[in-house]
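Nothing here was measured: the structure is a model prediction, and the numbers come from that model. Letters A, B, ... mirror the listed sequences (proteins, then strands); counts begin at 1.
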There are 2 protein chains.
Amino acid sequence: MVCVNKDTRTRIVEAAMELFWLKGYGSTSIADILSRSQVNSGSLYYFFPGKQDVLVAVLEAYRDGIGPMLLEPAWSGVDDPVERVFALLASYRRALVETDCTYGCPIGSLALELHEPDPPVRELMAANFRAWVDAVEGCFAQARDRFPEETDLRALAELALNVMEGGVMQSRTFRDIGPFDRAVAQLRAHVDAISLRERAA
Amino acid sequence: MVCVNKDTRTRIVEAAMELFWLKGYGSTSIADILSRSQVNSGSLYYFFPGKQDVLVAVLEAYRDGIGPMLLEPAWSGVDDPVERVFALLASYRRALVETDCTYGCPIGSLALELHEPDPPVRELMAANFRAWVDAVEGCFAQARDRFPEETDLRALAELALNVMEGGVMQSRTFRDIGPFDRAVAQLRAHVDAISLRERAA
DNA sequence: GTCTATAAAAGGATAGAC
DNA sequence: GTCTATCCTTTTATAGAC
């Protein structure tokens with residue numbers, strides 16, 4: 001990806017996306033965004049009324065990028081729908097390991113950092129979670145016949161999100177990948193336990 | 001509890017505890033703490049070198065209060081050890097409902113808000129999670145004979161934490177208690193599924 | 001231990017030329 | 001669309017009397 005000649009707005013959003021992930025929203029200053037994106041104050045305020053509008057753009061970028069930036073890379077080479085769920089979780093594991101258990105899910109961090117988000121911000125965070133759960137539920141739905149009829153696939157997908165977010169939270173706090181791995185193992189055991197028969201090899 | 005004549009340090013810590021819960025650490029200013037605790041700047045800096053030291057005191061208070069302030073109220077009138085786990089989760093549900101799904105676990109929020117906490121802060125957040133998981137693991141251990149020998153009770157207790165924290169995160173974001181309830185229901189189903197026989201009525 | 005006043009810095013946002 | 005300079009507010013922290 002060529003990074004030098006992107007348009008200014010894109011550079012701002014990408015810089016903010018990374019900084020919010022690294023430091024959080026409140027701890028990222030406009031000056032941080034300006035210096036990382038190599039943009040001047042006037043240009044930022046030409047495109048965005050204020051800092052919160054940059055956040056909105058970042059959350060829109062995450063929402064729009066969930067397929068191409070998150071799911072497709074995680075699922076490349078993985079065909080089995082249930083394995084795709086665990087491949088997705090493995091991509092969060094990678095992020096944790098690569099950052100020495102410092103950074104996990106950017107949406108989750110923002111969701112707990114911002115205590116009284118304005119409606120557009122909250123709605124976009126919800127849209128991100130919804131899209132994630134939709135995708136995971138879709139995986140389980142493709143394997144519908146492996147689960148008992150009464151299994152609530154939506155609730156199962158939400159459990160996967162909880163396991164991921166909770167695992168990230170604990171691993172970050174303990175600076176240890178162990179809690180994340182045990183969380184995923186618990187989900188695996190649960191999915192196996194409710195599966196009707198073994199998957200085709 | 002008499003609140004007027006508590007000593008100054010205690011008033012500061014209690015005010016900060018509430019404010020960090022309501023607004024987060026970064027969004028709570030020293031001025032906020034001073035006005036809520038009715039203390040003057042000079043007094044706060046007499047007791048604490050800076051804002052982060054107030055946070056340390058708050059986290060110590062949570063850690064020391066987990067028994068008397070969290071577990072004992074949640075467990076009053078509940079004798080069955082496994083039901084105590086769900087009674088604890090119900091106390092988080094209460095916090096969510098009473099605040100219109102705005103506030104959940106203060107430790108979880110701090111854990112995701114603070115991206116690069118200084119060692120004493122991170123260690124205290126870890127100590128809080130550890131104490132929570134210890135308590136829940138203790139409940140499961142009291143019902144050891146209800147679970148297969150190979151069941152990892154520690155991992156099960158960690159799952160309970162993940163379910164709580166994930167459920168809080170989603171319910172807060174969607175401003176809807178549904179995700180939290182479904183998360184707890186999934187844990188209940190999992191615990192029931194691995195239980196060897198029905199509990200005594 | 002507590003009070004008031006204030007220093008010192010950071011941060012969000014704006015103005016106006018180009 | 002971009003640039004520099006700067007205003008204004010908030011915030012952390014300190015000084016020094018009492």
Could you state the [atom1]-[atom2] distance from [X] to [N], rounded to the nearest angstrom?
X       : N      : atom1 : atom2 : result
B:Ile33 : D:dT10 : CD1   : P     : 17 Å
A:Arg9  : D:dG1  : CZ    : P     : 11 Å
A:Leu44 : D:dT2  : CG    : P     : 11 Å
B:Asn40 : D:dC18 : CG    : C1'   : 13 Å
B:Ile30 : C:dA9  : CD1   : P     : 18 Å
A:Lys6  : D:dT2  : NZ    : P     : 16 Å
B:Tyr45 : C:dT4  : OH    : C1'   : 15 Å
A:Leu34 : D:dT2  : CG    : C1'   : 12 Å

Legend entry - Those residues that, when tested against B:Asp134, pass side-chain hydrogen bond (donor to acceptor under 3.5 Å, both in side chains) (two or more places apart):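 Scan of B:Asp134 (side-chain hydrogen bond (donor to acceptor under 3.5 Å, both in side chains), adjacent residues dropped) gives B:Arg154.
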
Legend entry - Atom pair CD1 (B:Ile107) and CZ (B:Phe20), whose distance is rounded to the nearest 0.5 Å: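 Output value for this atom pair is 11.5 Å.
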
Presence of salt bridge, [Y] and [X], under 4.0 angstrom:
X        : Y        : answer
A:Arg182 : A:Asp176 : no
B:Asp100 : B:Arg175 : no
A:Arg146 : A:Asp80  : yes
B:Arg130 : B:Glu123 : yes

Inset, instruction - Strictly below 4.0 Å, heavy-atom distances to any atom of DNA chain D: list the hits from residues 47-61 of chain A, or just say none. - result: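 Heavy-atom contacts with DNA chain D come from A:Phe47.
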
Legend entry - Contact list for DNA chain D against residues 15-23 of chain B - heavy-atom distance below 4.0 Å: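 Nothing qualifies; none.
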
Inset, instruction - Quick one: sort the A:Phe140 and A:Phe147 rings into parallel, tilted or perpendicular, breaks at 30° and 60°. - result: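 Rings of A:Phe140 and A:Phe147: perpendicular, as their planes differ by over 60°.
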
Inset, instruction - For A:Thr28, report the nucleic acid contact type (base, sugar-phosphate, nothing); a contact means any heavy atom under 4.0 Å. - result: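 If one applies the 4.0 Å heavy-atom cut-off, A:Thr28 turns out to touch the sugar-phosphate alone, with no base involved.
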
Legend entry - Partner residues of B:His190 under the ring pair (Phe, Tyr, Trp, His ring centres under 6.0 Å) criterion, sequence neighbours left out: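 B:His190 satisfies ring pair (Phe, Tyr, Trp, His ring centres under 6.0 Å) with A:His190 only.
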
Legend entry - Residue list, ring pair (Phe, Tyr, Trp, His ring centres under 6.0 Å) with A:Phe174, at least two apart or on another chain: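 Counting only residues at least two positions away or on another chain, A:Phe174 forms no ring pair (Phe, Tyr, Trp, His ring centres under 6.0 Å).
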
Between the protein and nucleotides 15-17 of chain D, list every N/O to N/O distance that falls short of 3.5 Å.
none

Looking at the side chain of [X], which of [options] is the nearest nucleotide?
X       : options               : answer
A:Tyr46 : C:dT2, C:dG12, D:dG1  : D:dG1
B:Thr8  : D:dT14, D:dT11, C:dT2 : C:dT2
A:Ser43 : D:dT11, C:dG11, D:dT2 : D:dT2

Legend entry - Quiz item: cation-pi between B:Lys51 and B:Tyr25, 6.0 Å / 45°: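 Output yes; distance and angle both within limits.
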
Legend entry - B:Arg172 to B:Tyr103 six-membered ring, cation-pi geometry met (6.0 Å, 45°):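 The answer is no, since B:Arg172 fails at least one limit relative to B:Tyr103.
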
Inset, instruction - Check whether the side chains of A:Ser43 and A:Arg9 place a donor and an acceptor atom closer than 3.5 Å, and report yes or no. - result: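 No, no side-chain donor-acceptor pair sits under 3.5 Å.
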
